[in-house]
Amino acid sequence: MKHRTIILAACLLSLLLTTDSLAQGKVLTTYTYNVAFPTGSTQDFVDRTSFRGLSIGGHWFRNPNLALSFTAGWNVFDERTDRLINVSLSDLSDITVETDAEGAISGEQFRYINSFPFVVGVEYYFGQEDDVQPYLGLGAGVYYTIQRLDIGLVTLKEDEFRFGFSQEAGVLIPVRHGTSLVLGARYDHAFNSGNTLGGKFDVTYLSAKIGVAYSFSY
Amino acid sequence: MRNRSLILPARLGVAAMMLGMTLTLSACYPHTSSLDTEDFDTVITLFDPNANFGAKLTYALPDSVIHLAVVNPLTMNRQFDDLILSEVEANMNALGFTRIAEPDDDNPADVYILVAVTSSEWEVYREYPWNPYWGWYPYWPCCYGGGWGIYYPWYPTSGVAYTYTTGSVLVDMIDPVRAVLLDEQLPSIWLGVINGLLDGSLQVNPLAANRISQGIDQMFNQSPYLQKDLSINPTGR
């Protein structure tokens with residue numbers, strides 16, 4: 001899936017670079033509220049929908065349908081749980097004494113993942129401006145993630161920068177000239193790049209977005 | 001093109017976005033509710049995966065609890081010792097182990113259980129930058145003019161300090177067969193630890209006994225490899 005995404009992004013980018021640019025430039029800014037659903041290993045760590053998310057974006061149109069975009073966002077995943085944590089001391093890099101002891105930890109836990117994506121991408125908008133415009137987008141960039149586990153009187157925390165990509169599909173619904181309602185779905189995938197709590201895993205989630213978009217011509 | 005029918009959805013979109021900003025910016029680490037003292041209790045168990053628990057059928061348990069490095073005997077006195085020992089005994093019996101009351105060379109136990117408690121005191125200081133000098137209102141206190149200040153030669157900055165005490169109950173399972181005679185060491189093949197806050201009401205709080213009891217039960221609940229007979233509930237409760 002990673003290779004197909006890269007190939008598709010390269011195709012869209014080549015279209016962007018070879019098509020005629022607009023006589024007048026157009027910029028679209030988007031502001032959305034996001035509800036995110038953790039997937040894969042992320043869901044194993046925090047198994048709860050995030051209702052705390054937002055993103056802002058700038059989209060520069062090279063022609064009426066193709067745009068370069070930059071989006072920044074923030075999603076907070078949090079869960080209170082008492083699930084048993086199985087441990088194997090041989091997997092802990094901080095242990096200096098060699099041991100193959102195993103065990104388990106139980107107690108009231110608060111689990112958090114804060115994800116901050118900073119993604120550059122390409123988007124294609126079908127149809128014409130001032131009409132309902134479905135769109136598709138691909139992006140890649142940097143994700144800053146903060147993972148935290150509070151259990152008992154102990155807090156464990158890991159934060160790191162990760163490379164990742166996003167895929168998005170949605171629709172712009174014009175409300176008035178220059179203003180549109182944005183509805184969309186987006187998949188974010190931030191690859192593991194270091195130590196994480198609960199074993200190495202990629203941070204992945206699917207988001208539903210609703211917000212507004214304002215367009216400006218220059 | 002102006003679509004009047006979509007003005008309300010667009011306004012809802014703005015409202016949703018503002019709500020999202022409010023929720024998101026309100027906390028990186030949101031807690032949905034306040035915590036009680038028992039919410040800080042944790043139970044940790046460790047075991048040697050190379051130990052043959054299936055071959056261990058009998059155990060010996062002393063009649064006293066070891067008190068290690070107790071910070072404040074008022075908060076970690078011996079009022080719970082009998083409860084701790086009875087809970088460990090009940091759980092071991094429920095797992096299918098048989099207790100040997102007087103183990104000796106002719107009738108040794110397969111494992112020996114050692115029970116201990118300990119407590120620690122933690123101090124936390126929160127410091128704020130503070131100009132140690134400030135002006136006094138002229139002529140107050142009497143006879144000292146404006147410009148006099150207060151300084152603290154023994155503590156250069158102000159701070160807020162608080163302390164909290166934690167307590168632990170430790171249950172150790174020793175395998176005498178694997179004793180290292182040369183080093184005079186006895187290996188532990190299983191360890192259970194309860195850790196939590198000791199609040200000032202430990203002496204009178206009836207919930208404290210429940211916390212200890214539930215903690216010991218949880219030790220054995222999360223150690224299914226100790227079970228002798230799978231048809232028996234580990235706690236028998």
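Only a predicted model underlies this, so the values are computations on that prediction, with no experimental measurement involved. In the text below, chain A, chain B and the rest are named by the order of the sequence lines, each starting its count at 1.
Taking the six-membered ring for Trp and thresholds of 30 and 60 degrees, A:F191 and A:H189 have ring planes inclined between 30 and 60 degrees apart.
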Can A:S115 and A:Y205 be said to form a side-chain hydrogen bond (donor to acceptor under 3.5 Å, both in side chains), step by step? CA-CA 10 Å; A:S115 174; A:Y205 50 94; 2.8 Å; yes

Given the rule in the side-chain hydrogen bond (donor to acceptor under 3.5 Å, both in side chains) test, do A:D131 and A:Y125 qualify, once you have shown the distances and angles that lead to the verdict? CA-CA 11 Å; A:D131 285 342; A:Y125 292 78; over 6 Å; no

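With sequence neighbours excluded, the residues that form a side-chain hydrogen bond (donor to acceptor under 3.5 Å, both in side chains) with A:R83 are A:E79, A:T81. B:D175 is linked by a side chain to side chain contact (heavy atoms under 4.5 Å, CB included) to B:K56, B:V177, B:R178, B:I189, counting only residues two or more places apart in sequence or in another chain. In terms of the side-chain hydrogen bond (donor to acceptor under 3.5 Å, both in side chains) criterion, A:S215 has no residue partners (sequence neighbours excluded).
Of the listed residues A:G152, A:G103, A:A104, the one with more heavy-atom pairs under 4.5 angstrom with chain B than any other is A:A104.
Heavy atoms closer than 4.5 Å to chain B are found in the side chain of A:L84, but not in its backbone. For A:L183, no part sits under 4.5 Å from any heavy atom of chain B, backbone or side chain.
Within residues 39-48 of chain B, the residues having any heavy atom closer than 4.5 Å to a heavy atom of chain A are B:D39, B:F40, B:D41, B:T42, B:V43, B:I44, B:T45, B:L46, B:F47, B:D48, listed by residue number.
Salt bridge A:D188/A:R186: present, at least one basic N to carboxylate O contact under 4.0 Å.
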